[in-house]
Amino acid sequence: MTEAPLIVPASAGPQASDDLLAGLNPQQLDAVTHRGPALLIVAGAGSGKTSVLTRRIALLLRNREAWPSQILAITFTNKAAGEMRERVGALVGDAARGMWISTFHSACVRILRREAGQFGFTQNFTIYDSGDSRALIKRLVKEHEADAYGLTPASVQGRISKLKNELQDAESYARDANMNDPAERLFTEIFADYQRQLQKANAFDFDDLIGQTVYLFRAFPHVADTYRRRFRHILVDEYQDTNHAQYALIHELTRPVQGEAPEPYASNGMMIFEPETTPGSGTGAEAGASLTVVGDSDQSIYAFRGADIRNISEFERDFPGAKVVLLEQNYRSTQNILSAANAVIGNNFDRKDKKLWSDKGDGEKIVGFTGYSQHDEAQFVADEVEALRRAGMPYSEMAVFYRTNSQSRALEEIFIRAAVPYKIMGGTKFYERAEIKDALAYLVSVANPSDEMALRRILNKPRRGIGDVTETAIARFAEEQGITFREALSHPSQLGVGPKLQAAIGQLDQVLTEATAIMLPASGEVPSATSVAEGLSLLLEKSGYFDSLRRSRDPQDEARLENLDEFVAVTRDFARNNPDGTLVDFLTEVALVSDADDLDDESGTVSLMTMHTAKGLEYDAVFVTGVEEDLIPHRISAGEPGGPQEERRLFYVGLTRARKRLHLSLAMTRAQFGEVSVAMPSRFLQEIPAELIDWRQSPGDVNSRGGTQSRALNARRQGGGGRDRFAAQPLEKRLTPLSTAMDRFPNKVTAKVRDNGDLELVPGDRIRHDDFGEGRIEAVTGEGAKRIAHVRFDAAGQKKLLIKIAPIVKL
DNA sequence: GTACACACATTTTTT
DNA sequence: ATGTGTGTAC
C-alpha cells in the first residue's frame, strides 16, 4: 500500500502500534482492531482488504496478543500467501517468523505429512494432480468397462471431486444412490476402487488433502486438539470461494478444545509447539480460536468447483456473536471504471446492495474496440499496449484477460510479431508437459516406491521394449509373491521374460536404487542440499532418457531437452532456496505451486491470463478481451443454475482489476474448432452506461463499413463518421452475420510461419509489410532470431516487428 | 512392440 | 487447428 495520510483516530490502540493504524478509514480501523470469537470483513474489490488483514496480524503480534506460531492465515494462492508473508514481515520484522501463512492445500499437506502414520499412509505420500487422478480413473473406467454405460473418465472425475468437496465417500454415496441403476452401481464401484488405489499408492488427490484432514480431525480428536490448541487466531482470505470441505476444516479448527493438558508433541513424536509459553492461555479446556474471514460475494467465481456462497452469507448464523464490517471505499480504480463495474454487478439479483465508490475522480473513459477477427482484436490490443508504453507506462503494469485459455493463442501470435514482451500466466503449464511429467515420475518413483502409477509411467520411457505384456507380467509376479511392483523390478530373472527385457528391467531397477542412495540415504545420514538436482541428473542420464532425446531427429525433442534442462535448473534453485529441502519437500512444492504463482510479475512484460487467474491482482491498464456472447457469459454456463450470474461476477472481477485504464474488446468473428463463426457482443456490454465507453470502433462500425482493406490500414481513420453509439439501439439490428466481410478478411495473420532468415536491415531502409504497407526502418535491436525492427509506417504509424517472421520485404 | 495414419474430440474457469 | 487415442501394418 502506498503511504497514507496520518489520521490517527482517537480510539487507536497502544501507541507502539500507531503506524499500523495510520491512514485507515473508520471501517478499516474496526476490522483491524476488533477482538472477538468471529469477524466477517465484507471487502469490496480494491477496498484495501489485504492491507487490513496484514495489519490485523501485525497488531496481534506487536501487542503480544499472539505468538507467530499461534496464527494460521489461509489465502487462495501461494502467490497471495507469499505477498502476505512479505507484507507482515515488513510491518513487524522477524516477529513474523513461525506463522503459518499458506493455502488450504499446503496447510493440509503440512498436517498430513506429520500425521499420515495415524491412518495408513506414510510421511512421503505422493500428491496426485488432476492429470494424475484422471489417468488413474481412466484406467479404472476401462477395467470396469464402464464406458458402455456412458461413464467417461472426465465425468467420473468430476463427480468424485464434487462428492469429496461435500465430504462424501464411496460408502456414504452408495447409501443414497439408486443401486438398481447399473451405471450408478458401476460409479460407486469405481469410486471405491479409486480410493483403494490411492491408499495403496500412498497418495492423496487434491480434494483428499482437505477432506482427509477433516477426516483425521474427526476420527482422532486428540490430534485435532493439538492443532486447536496451537492455532489461536485463524484468518481466511477469499472466504466466498471456500467449499464445504474447507468450511468443515475451519469449523473443526475453531472448536473449543476438549482435552486435558497440552502435549507439546504430536502423536508421531514431531514437535508441534514452539518451546515458549502461550500468552493468555491456561491448561485444560480452552475456547475456540478466534476466526477472521474476508470475502466479497460479488467476487465468488468458483461455484463450479464446489465453492459455496452460503459459507459467507450465513457466516453470522454459523458463528454466533460474529461481528460484520463492511468496506466499501475503493482505493484502486477511477470512478468511471467503478461505475461500469457497479452497473454490471447491479444486474445480479439476490445480492446485498453494495456500491463501491472512489475519490480518485472520473479518470479516462473506458475504451471499446470491435475487431473483424480475433487477430484483428489482438492487433488492437498490441497497438494500444505500445501506445501506453510510449506514454510511459511500464509493460509490467498492463494485463490482458480472457475467458478461456484457448483465446491466448491469437494474442500470443500477434504479440510475438509486434515484439511486445509478454508472459502467459497459467495455461499450458510447464509441469504438464510430458517430458516434465516423466522426470517427475522418476523422482516420485524414488520418493514413494508404493506409487505404481509413477513406475508404470517410466517403465518404457525411454523405450526399453517394455510393453503391455511385460508390464502385466511384472504386475502378476508382484501379486503372486505378495511384493510391490517396485520390488518386483529387482527380480528380472524371475519374471518369465526374455534376456533383453531382463537386462532392461535390471538396468532401470539399478538406476532407481542408485538415485535413492543419493536422495534418500540410509538412516541417520543427511542428504546434501543438491541431492535432488544430482539425483535427477543421474536418473535422466543413466536411464537413457537424455540420450534418446539427443539421438532423436524429431525437432520437438530439442525443445524437450531444453525443458528438462530448465527443470534441472529448477531443482538447483530449490536447493539454493531451501538448503534443508528434501526430495519430498521438492515434490510437494511442485505439486502445489502453480505456474501462476511462480511466474512472478517479471518486470517489463505484459501479463496474459484468464479472468479467474486475475482475481486478487491489479494493474494500471487492463484489457478484457473477447467480450462476446458464448464466451462471457460462456455458452456452457447457460445451463447451470446460477451460471449466468457467476459469469457476471467473473466479468466484474475482470473490470475491477484496472486502476487507470480499462479496455473492452471483442471480435465479430471468432475461429473455434478450426471453424469460423459469427460472434455477438456480450449482453454485459449493454449493462455498462453508454457514456462511459469511448468506442474506437463499435460493433456497428464494423458492420456498416466493410472496406476492402484490413483494419490495420482501414481503422486508423480516427473517429469522425461512424459515431453511432452501439448501446443506443437494439442489438439484433446491427448484428447481421458478416459472412461477406469474412471473405474479405481471412485470417491473414495465421497464414504461414515464414522465415526471413537473416534479412539484413539498417535504419533508413524502406520495407513493405503485408498488412501495414510501406514504412521506413528507424532502428534495429536484438540479436539473432530475436532481432526487432522499429518501423515507422506511412499509414499505420510506429510498429515493432520481429524481423525473422514478420511478413515484410525490403524495397 | 513400434511406427505411422486416421479419426476424433476438444474449449470454462484451478488448488 | 491441434493434440490425443485407436487401429493397422511392419
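Letters go in sequence order (proteins before strands), and every chain restarts at 1.
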Engineer: Starting from C1' on B/dT13, measure out to CZ on A/Arg305 and report it in whole angstrom.
Structural biologist: 9 Å
Engineer: Can you name the ring-ring contact (aromatic ring centres under 6.0 Å, His included) partners of A/Phe684, sequence neighbours left out?
Structural biologist: A/Phe651
Engineer: OP1, OP2 of B/dG1 versus side-chain N and O of A/Thr470: anything below 4.0 Å?
Structural biologist: yes
Engineer: Roughly how many Å is it from CD1 in A/Ile127 to C1' in B/dT14, rounded to a whole number?
Structural biologist: 15 Å
Engineer: Please list, chain by chain and in numerical order, all residues satisfying side chain to side chain contact (heavy atoms under 4.5 Å, CB included) with A/Ala45, sequence neighbours excluded.
Structural biologist: A/Gln299, A/Arg332, A/Leu356, A/Tyr652, A/Thr656, A/Arg657
Engineer: May I ask you to verify if any side-chain N or O of A/Asn165 is less than 4.0 angstrom from the OP1 or OP2 atom of B/dT15?
Structural biologist: no
Engineer: Tabulated below should be each protein N or O lying under 3.5 Å from an N or O of nucleotides 3-11 of chain B; please produce it.
Structural biologist:
{"from": "B/dA3", "atom 1": "OP2", "to": "A/Arg463", "atom 2": "NH1", "distance (Å)": "3.2"}

Engineer: When you compare C/dG5 with B/dT12, how far apart are their C1' atoms, in angstrom units rounded to a whole number?
Structural biologist: 23 Å
Engineer: Is the aromatic ring centre of A/Phe104 closer than 5.5 Å to the centre of the six-membered base ring of B/dT15, with the two planes inclined by less than 30°?
Structural biologist: no
Engineer: Take the protein atom CG of A/Asp132 and the nucleotide atom P of B/dT15, then report the distance between them rounded to whole Å.
Structural biologist: 15 Å
Engineer: Going by the salt bridge (Lys or Arg N to Asp or Glu O under 4.0 Å) test, which pairs reach into residues 202-215 of chain A, not counting sequence neighbours?
Structural biologist: A/Lys164-A/Asp205, A/Lys164-A/Asp208
Engineer: Can you list everything that forms a side chain to side chain contact (heavy atoms under 4.5 Å, CB included) with A/Ala667? Sequence neighbours excluded, please.
Structural biologist: A/Glu377, A/Glu628, A/Arg670
Engineer: Is the shortest side-chain heavy-atom distance between A/Ser161 and A/Asn165 below 4.5 Å?
Structural biologist: yes
Engineer: Report, one pair per line, the protein and nucleotides 5-7 of chain C atoms (nitrogen or oxygen only) whose separation is under 3.5 Å.
Structural biologist:
{"from": "C/dG5", "atom 1": "OP1", "to": "A/Lys138", "atom 2": "NZ", "distance (Å)": "2.4"}

Engineer: Is the count of non-hydrogen atoms from other residues, nucleotides or ligands lying under 6.0 Å from A/Asp468 atom CG greater than 12?
Structural biologist: no
Engineer: Taking C/dT6 as the reference, what is the distance to B/dT11 when you measure between their C1' atoms (whole Å, please)?
Structural biologist: 23 Å
Engineer: So which nucleotide from B/dT13, B/dG1, B/dT15 ends up closest to the side chain of A/Asn405?
Structural biologist: B/dT13
Engineer: Can you tell me, in whole Å, how much space there is between the C1' of B/dT13 and that of C/dT4?
Structural biologist: 22 Å
Engineer: Measure from CZ on A/Arg433 to P on C/dG3 and round the result to the nearest Å.
Structural biologist: 12 Å
Engineer: Whole angstrom is fine here: how far is it from CG in A/Asp237 over to C1' in B/dT15?
Structural biologist: 15 Å
Engineer: If you only use heavy atoms from C-beta on, which nucleotide in B/dT2, B/dG1, B/dT13 is closest to the side chain of A/Asn460?
Structural biologist: B/dT2
Engineer: Within a 6.0 Å radius of atom CD on A/Glu675, are there more than 12 heavy atoms belonging to other residues, nucleotides or ligands?
Structural biologist: no
Engineer: If you assign A/Arg464 and A/Arg403 each to the DNA chain B nucleotide with the nearest heavy atom, which residue ends up on the more 5' nucleotide?
Structural biologist: A/Arg464
Engineer: Is the shortest side-chain N to carboxylate O distance from A/Glu143 to A/Arg139 below 4.0 Å?
Structural biologist: yes
Engineer: State whether the number of non-hydrogen atoms from other residues, nucleotides or ligands found under 6.0 Å of A/Phe304 atom CZ is greater than 12.
Structural biologist: yes
Engineer: Are A/Lys423 and A/Leu608 side-chain neighbours, meaning at least one heavy-atom pair lies under 4.5 Å?
Structural biologist: no
Engineer: Rounded to whole angstrom units, what separation is found between the CD1 atom of A/Ile505 and the P atom of B/dG1?
Structural biologist: 10 Å
Engineer: If I take atom CD1 in residue A/Ile301 and atom P in nucleotide B/dT13, what distance separates them, rounded to the nearest angstrom?
Structural biologist: 12 Å
Engineer: Below the 4.0 Å mark, does B/dT15 have OP1 or OP2 next to a side-chain nitrogen or oxygen of A/Thr77?
Structural biologist: no
Engineer: Can you tell me how far P of B/dT15 sits from CD of A/Gln157, to the nearest Å?
Structural biologist: 15 Å
